[in-house]
Amino acid sequence: MSTTTTPDVDAVVIGAGFGGIYMTHTLRDELGLRVQTFEKGGGVGGTWYFNRYPGAKSDTEGFVYRYSFDADLLQEWNWNRRYLDQADVLAYLEHVVERYDLARSIQLDTEVTGAVFDEDTDLWTVSTADGTTRTCRYLVNALGLLARSNMPAIPGAESFAGDLVHTNAWPDDLDVTGKRVGVIGTGSTGVQFITAAAPRAAHLTVFQRTPQYVVPSGNRPVEQAEVDEAKQGFAATWDQVRDSVVAFGFEESTVPAMSVTEEERRRVFQENWDKGNGFRFMFGTFSDIASDPDANAAAAAFIRSKIAEAVDDPETARKLTPDDLYAKRPLCDQGYYETYNRDDVELVSVKENPITEIVPEGVRTADGVVHELDVLVFATGFDAVDGNYRAMDLRGRGGRHVDDHWTDGPTSYLGVSKAGFPNMFMILGPNGPFTNLPPSIEAQVEWITDLVRTAEESGVRTVEPTQAAEEGWTATCQEIADMTLFPQADSWIFGANIPGKKNAVMFYMAGIGAYRRQLADVAEKDYEGFVLA
Ligand code: N01
């Protein structure tokens with residue numbers, strides 16, 4: 001029999017990025033709960049607080065990289081480039097915090113180290129690095145999908161005499177201007193960094209393991225008239241976004257690539273290449289680039305032909321040209337391949353010439369060369385999705401650590417909840433949608449808010465999904481992922497980037513429209529799959 005104890009607060013939210021900020025607002029200001037939000041950073045913003053590397057920007061077009069819940073805010077907040085720079089997104093999130101007076105509920109510089117559920121009181125006890133604890137009824141993890149840095153262990157790293165940084169912890173005062181810079185990694189982050197750093201650095205050495213398919217972003221200044229027009233169309237835009245697949249603000253194609261002639265395919269690829277954006281190229285050209293091997297090969301061949309056109313030196317072009325599937329999260333950037341035509345940019349293929357060690361002067365490769373550097377940048381990505389969960393002492397019923405539940409890979413029910421973890425919710429938890437993230441975050445926050453409201457109104461002590469519901473959702477996600485080519489490419493999407501990490505499905509890939517319908521359906525059926533007790 002549970003005992004009744006009054007908790008310190010009603011809800012703890014961990015993280016003050018896009019998810020935590022909105023969750024703090026809805027729980028506190030809509031439901032009237034006492035909310036404490038903890039943020040490990042010295043400011044709000046999450047990803048946009050930490051990722052300050054040169055070139056950091058959102059590769060989703062700015063008009064849909066924002067919240068949509070506040071119609072006035074949509075009209076008030078302006079933008080002046082097609083893609084928002086890191087500083088712009090951060091300023092936007094800081095503005096939202098101010099607009100809703102959220103700072104008084106957010107404790108900065110506070111890392112949560114653990115959260116343990118007590119079956120006697122049905123309360124969570126949340127511990128922070130400063131040694132304090134807080135009890136609460138509801139625990140919301142807004143820990144970030146791509147927030148735990150992946151730092152490969154390279155011998156000698158500690159001996160490096162210059163600045164060694166991960167892009168996810170970029171120091172405010174680190175300027176690469178006039179310096180000899182090395183960068184390891186050519187994913188979305190590396191590509192953005194390389195294009196931005198090359199003109200500033202004295203010399204840039206890129207250590208590339210796997211070449212990437214990069215399409216132009218089409219970034220450019222935006223006139224106020226265009227902003228005004230976008231604002232007038234916002235109602236329709238957001239309806240479309242919420243009912244789409246990837247939520248990037250364009251209509252996904254419904255035409256299979258092989259249903260048209262080769263000439264037409266090339267025309268469509270070229271048209272979308274000129275429009276810019278990686279997701280548009282993968283999902284706006286044809287309906288099956290990410291699912292049909294022939295369609296995928298056609299898109300990949302088109303991009304390869306563009307690399308050959310863009311890069312002057314044939315040997316550099318060869319190293320930059322991927323030969324695998326085009327089935328990772330699509331990348332885009334302005335002038336990426338052309339950057340390698342600069343005399344002060346050097347490409348080292350570490351597949352052909354591996355890094356053997358880091359020395360005080362720089363990076364030594366297998367050919368014996370020491371690449372002398374003042375700054376060494378790790379753009380090596382993240383232990384995505386579950387990395388931050390496993391890093392905490394997170395224990396549900398029976399004191400069982402989340403690791404013990406996730407031995408075969410991270411699982412959830414609907415991407416927002418987990419069996420054995422009552423009253424715990426996740427924003428962008430495992431097997432949530434694979435989309436432009438703010439619209440999915442909004443869907444989850446609003447849905448969790450409704451569920452907590454229902455629990456509060458009906459006086460139940462705990463809300464928890466069943467193990468069967470969670471297994472069903474995992475199977476659904478696996479089935480959908482298997483209809484795509486994504487599982488066949490090695491990337492963070494399935495955990496393949498972390499040595500020793502179990503390859504597992506980590507996303508619901510049927511799109512945001514289908515996902516929102518699933519959420520609505522579960523709610524309509526009195527929260528089918530949940531036990532409210
Ligand atoms: O990380 P990644 P990211 N030795 O994992 C290489 C989002 N994002 O930070 O491909 C040498 O994609 C690794 O090589 P390989 C977006 O969702 C969004 O770039 O594994 N190299 C790869 O080149 C994105 O998908 C924006 O062979 C090593 C790179 O490091 C996600 O974040 C901007 C290595 C890691 O690429 C992750 O992107 C930036 C080693 N030991 C990021 N270990 C927006 O615009 C790893 N690599 C919103």
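Just so you know, ligand 1 is whichever comes first in the structure, and atom 1 is the first atom listed for that ligand.
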Problem - Cation-pi check, Arg99 onto Trp77 ring (under 6.0 Å, within 45° of axis) - result: no
Fill in the blank from the handout: Among non-hydrogen protein atoms, atom 37 (C) of ligand 1 lies closest to Trp492 NE1, 3.6 Å
Handout entry: Taking atom 23 (O) of ligand 1 as the reference point, the nearest protein heavy atom with its distance
Key = Thr186 N, 2.9 Å
Problem - With Glu352, the salt bridge (Lys or Arg N to Asp or Glu O under 4.0 Å) member among Lys319, Arg209, Arg318 - result: Arg318
Completion exercise
Paired with Val183, the side-chain contact (heavy atoms from CB on, under 4.5 Å) test is passed by just one of Ile194, Leu376, Val375, namely Ile194
Completion exercise
Nearest non-hydrogen protein atom to atom 4 (N) of ligand 1, with distance, is Arg209 NH1, 3.8 Å
Practice task
Could you name the option among Thr189, Val183, Thr210 that has the heavy atom nearest to atom 15 (P) of ligand 1?
Solution key: Thr210
Completion exercise
heavy-atom search around atom 18 (C) of ligand 1 in the protein gives Ser188 CB, 4.2 Å
Exercise for the section: Pull out every atom of ligand 1 sitting under 4.0 Å from any heavy atom of Gly185, numbered as shown with elements. Expected result: 6 (C), 23 (O), 29 (C), 30 (O)
Fill in the blank from the handout: One finds that the ligand 1 atoms under 4.0 Å from a non-hydrogen atom of Ser58 are 45 (O), 48 (C)
Exercise for the section: Give a yes or no answer on whether the side chain of Asn341 reaches the backbone of Asp312 with a donor-acceptor pair at less than 3.5 Å. Expected result: yes
Completion exercise
Min over Gly278, Pro211, Ala379, Gly190 of heavy-atom distance to atom 29 (C) of ligand 1 lands on Ala379
Completion exercise
When distances are taken from atom 44 (C) of ligand 1, the protein heavy atom at minimum range is Lys57 O, 3.4 Å
Problem - Minimum-distance protein heavy atom relative to atom 41 (N) of ligand 1 - result: Pro152 CB, 3.3 Å
